[in-house]
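What follows is one structure encoded as structure tokens, with my remarks underneath.
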Amino acid sequence: MSLVLELKNISKSYNGNPVLKGISFALQKGEVRAVIGENGAGKSTLMNIIFGMPVIHQSGGFEGECLIDGHVVNFQKPQHAMAAGLGMVHQEFMLIPGLKVSENIKLNREPLSSKSFNRFLPGKLKVIDNEQIHKDSLKALQKVGMDLDPDQLIKGLSVGHLQFIEIAREVDHQNLKVLVFDEPTAVLTESEASQLLNTIRHLAKDLGIAVLFISHRLDEVKEIADTVTVLRDGELIGNYRCEDLDKKEMARLMVGRAVNIRRDQEQESPNARQNIMTLKNFSVRMPGENLQDIDLEIKQGEILGIGGLAGQGKLGLANGIAGLMPASGNVIFEGQAFSLNDPKQALQNGLGFLSEDRKQTGLLLDESITHNICFTASHVLGRFQNRFGLFDQKQGKEWAQKMIKDFDIRCTGPEQHTRRLSGGNQQKVCLARVITANPKLLFVSEPTRGVDIGAKKIILDFLRSLNQQGVTVVLTSSELSELRVLCDRIAIVASGKISEILLPEDSDERFGLAMAA
Amino acid sequence: MQKKILKQFIEFGIARSIIVLFVIVLFILAILKDMQIAELISDSLARIGRNGILVLALLPGVRGGIGLNFGLPLGIICGLIGMLVGMEFDWTGLSGFVSALSIAGGLGVLAGWGYGVLLNKVKGQEMMVGTYVGFSIVSFMCLLWLLLPFSNPKLIWALGGKGLRVTISLADYYPKILDDFLSFSIFNVTIPFGSLLFFVLFCFFVSLFFRSRWGRAIAATGANAQFAKANGINPNQTRVWSAVLSTVLAAIGIVVYNQSFGFVQLYTAPLLMAFPIIACLLIGGAEVGRATITHVILGTVIFQTLLTIALPVTSAFIGGDISETARIIISNGIILYALAGVKGKTA
Ligand SMILES: Nc1ncnc2c1ncn2[C@@H]1O[C@H](COP(=O)(O)OP(=O)(O)OP(=O)(O)O)[C@@H](O)[C@H]1O
Ligand SMILES: [Mg+2]
């Protein structure tokens with residue numbers, strides 16, 4: 001076996017705060033290595049270093065050595081890393097919506113036409129071979145196990161598709177040696193995720209590509225990885241062979257203590273309660289997540305789960321009620337007609353929304369944690385204001401400090417801008433903002449996306465305790481296990497309709513059938 | 001502590017450090033040439049008080065997400081009309097000044113509202129459209145200045161002509177009404193107390209405004225319109241407010257400018273005013289998407305001082321007058337630099 005990538009003693013600090021301390025490991029041809037650790041442990045930072053992302057150089061570079069094929073490298077730009085055979089599937093998609101699938105896959109690597117006149121044209125003006133683009137991208141799509149027309153436009157495709165196209169794009173590199181996945185499954189549903197795992201296995205075992213895989217879903221890690229690197233607070237806890245660890249052990253190594261996510265046993269039947277919200281003929285126009293004419297009753301005090309595959313419409317419900325996507329129909333909230341398409345009214349009536357899209361909808365990236373957490377409550381309810389109607393910095397800061405403690409947000413303090421937080425910690429800030437406004441009916445979408453297992457427990461426990469204090473919760477999630485742990489009833493959305501409402505103890509087959517309906 | 005100082009220095013920016021250094025060098029040269037330092041400082045202070053509120057007028061636009069307000073001439077015209085109306089009726093002194101401010105502000109609200117509604121239709125191209133709006137309104141007013149029924153002989157062309165003059169003196173109305181308010185001298189430096197106070201007060205009010213719910217809604221829209229919408233804010237509405245605020249401040253700003261300058265300049269004079277003002281804000285460290293009161297104050301101080309002393313010093317050395325050319329090169333250079341910087345980052 002030959003080493004393709006080796007890290008020796010990598011350390012990195014941001015503004016004097018160490019975030020990586022002496023990380024070393026080696027990656028062999030065809031090896032799948034999982035990198036796991038809590039939110040803010042430094043996983044993304046490590047990948048950014050390997051890849052030469054600009055953030056690293058702008059913040060003073062790093063220490064230690066990174067070797068590829070035995071040669072020390074220090075990439076100044078991601079393009080250099082790509083040329084050396086590295087590929088990265090980013091957490092945020094970097095595809096151009098107005099172009100075709102094939103054009104996105106071959107972007108910047110377009111094959112040139114072999115026609116004779118092409119020889120006389122200067123470099124950038126040479127004519128592109130469209131047929132070859134089509135063929136190459138078809139091949140790349142097949143490699144990742146996707147059955148998709150390369151001539152289709154990116155616009156309107158589901159997140160799951162986008163993820164695979166992104167991978168196909170990397171796989172299309174001729175000399176791809178190492179492929180990095182930063183939380184690739186966070187946005188996928190379980191069936192899509194398992195297809196992705198198959199693809200990764202194929203890439204590693206049949207094509208000999210070494211894979212670095214970051215995920216918070218330990219099942220997947222167990223299933224796919226050969227080796228595991230565990231990070232905690234920037235330190236290397238150890239490099240292990242995957243078969244030597246079970247899931248519990250992994251969680252313990254990551255968090256430093258045992259974690260268990262289980263369902264509480266005592267549950268009362270929600271059917272006895274009255275409705276807090278009733279939907280009739282409710283439709284939402286949300287690109288890729290349409291809902292058509294659904295009827296749904298949300299019971300006072302329950303936790304209602306909304307599940308289903310990506311692109312079937314489960315995200316439409318919360319976005320429609322929140323007034324973020326055009327909705328129509330008949331909605332009654334606490335016995336009164338509820339006005340749709342009016343986000344302000346919704347918030348004032350005591351609804352809360354945690355969007356599935358934290359960067360676009362959930363955060364003010366260049367504002368402090370304090371401002372983010374207090375924004376909704378301050379704007380909608382007029383809280384955190386002094387006598388003169390101005391934002392009360394002191395009161396806000398105190399509250400933010402409490403939230404930082406309750407949710408275990410890893411930061412340098414309430415003044416830190418949310419852009420500087422790791423993905424999972426950004427998620428916690430969003431949730432803190434939403435609950436600060438004291439909603440009566442809370443819609444949360446993908447609340448634990450990109451959140452580590454310890455924090456996931458904190459968030460789920462928190463939702464449960466909110467519920468015990470009388471808040472009705474509607475939880476939309478692509479993780480069935482999460483829905484089953486928390487919810488009283490689970491509505492499965494398929495093709496823009498509610499196909500069935502199930503109980504958490506119903507069998508996997510029933511859930512599978514409902515989702516496929 | 002040292003780290004903090006270093007960090008602040010880095011944040012202060014290399015480009016700005018160079019300019020500050022340049023200003024200091026100019027001062028040293030001026031001393032070497034035995035020039036009247038006190039006079040130079042007095043002039044700088046006068047210019048700072050004169051331009052401050054106009055620079056401040058850019059802030060709501062940047063915060064509210066409509067970018068650098070290249071449509072500043074719109075507000076300036078409102079201010080000019082405000083002044084002319086009072087002058088037509090021979091309102092002088094304080095009452096003249098206050099009436100000019102109020103009419104200017106009122107017109108600013110109307111014009112800014114229309115401007116904001118227009119900008120909502122061209123999202124993403126506010127700066128270009130703003131430039132066109134500025135140019136169009138100035139050309140349109142060139143016609144109106146001739147046609148409007150002003151009849152006060154101090155305002156219209158002498159010898160029974162029709163239309164307003166190009167330059168109208170404020171000598172009989174309220175020359176330096178603010179500059180001279182409580183003004184005093186130390187070490188031969190004249191401090192235009194009223195104008196500076198006015199500037200500082202407005203900065204204070206604007207910064208308070210951005211801590212209010214209303215102001216924070218505007219800033220949130222500028223930072224992330226989708227976030228704002230999810231929090232019950234109507235982004236189209238807040239964008240209009242930021243246009244209104246910017247236009248009103250520009251209208252007030254030009255009244256303050258003119259009282260200090262001593263003249264009202266009509267016709268094409270407002271055409272290019274936006275450019276040096278925008279340069280001020282950018283030199284202060286603002287970006288197209290981010291600006292603070294500190295940027296406003298710092299930029300005004302640095303840029304206006306630079307303009308005041310660069311002229312006499314360079315002409316003392318070179319012996320010619322290159323002031324106007326230098327001013328245009330510097331201000332447009334800075335704007336280009338900042339806009340290119342933005343492109344560089346997003347690409
Ligand atoms: N640009 C930045 N400036 C300053 N600090 C940063 C920056 N980016 C990340 N950090 C800090 O570095 C630490 C590691 O962050 P990183 O993004 O690598 O975590 P992660 O392991 O990927 O977490 P997650 O699972 O939540 O994505 C965090 O404490 C974070 O606050
Ligand atoms: Mg990360």
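Within every chain, numbering begins at 1; the chains are lettered A, B, ... in the order of the sequence lines, protein sequences first and strands thereafter. These numbers were taken from a predicted model, which means no experiment stands behind them. These values consider heavy atoms only, across backbone and side chains, with no hydrogens, waters or symmetry-generated copies.
Neither the backbone nor the side chain of A/Leu365 comes within less than 4.5 Å of any heavy atom of chain B.
The environment of B/Phe181 atom CZ is sparse: at most 12 non-hydrogen atoms of other residues, nucleotides or ligands sit within 6.0 angstrom. Counting non-hydrogen atoms of neighbouring residues, nucleotides and ligands closer than 6.0 angstrom, the NZ atom of B/Lys123 exceeds 12 such neighbours. Heavy-atom neighbours of A/Arg420 CZ from other residues, nucleotides or ligands within 6.0 Å: at or below the threshold of 12.
Contacts with chain A (heavy atom to heavy atom, under 4.5 Å) involve these residues of residues 228-237 of chain B, listed by number: B/Lys229, B/Ala230, B/Asn231, B/Gly232, B/Ile233. Of residues 104-120 of chain B, not one residue has a non-hydrogen atom less than 4.5 Å from any non-hydrogen atom of chain A.
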When the side chains of residues 384-393 of chain A are checked against the rest of the protein, which donor-acceptor pairs come out under 3.5 Å, sequence neighbours left out?
unit_1, atom_1, unit_2, atom_2, d
A/Gln385, NE2, A/Ser378, O, 3.4
A/Asn386, OD1, A/Phe388, N, 3.0
A/Asn386, OD1, A/Gly389, N, 3.3
A/Asn386, OD1, A/Leu390, N, 3.0
A/Asp392, OD1, A/Lys394, N, 3.2
A/Asp392, OD1, A/Gln395, N, 3.3

Side chains of residues 200-208 of chain B: which donor-acceptor partners sit under 3.5 Å, not counting sequence neighbours?
unit_1, atom_1, unit_2, atom_2, d
B/Ser207, OG, B/Phe204, O, 3.0

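Here A/Leu364 is the residue among A/Leu364, A/Val380, A/Thr376, A/Asp342 with the most heavy-atom pairs under 4.5 Å with chain B. Note: A/His379 leads A/Glu367, A/Lys344, A/His379, A/Gln345 in heavy-atom pairs under 4.5 Å with chain B.
Of all heavy-atom pairs between A/Leu363 and B/Asn224, the closest is O-ND2, 3.0 Å.
One finds the CZ atom of A/Arg383 at 12.0 Å from the CZ atom of B/Arg213 (value rounded to the nearest 0.5 Å).
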Step-by-step side chain to side chain contact (heavy atoms under 4.5 Å, CB included) determination, A/Gln360 to B/Phe227: CA-CA 7 Å; A/Gln360 291 294 321; B/Phe227 176 91; over 6 Å; no
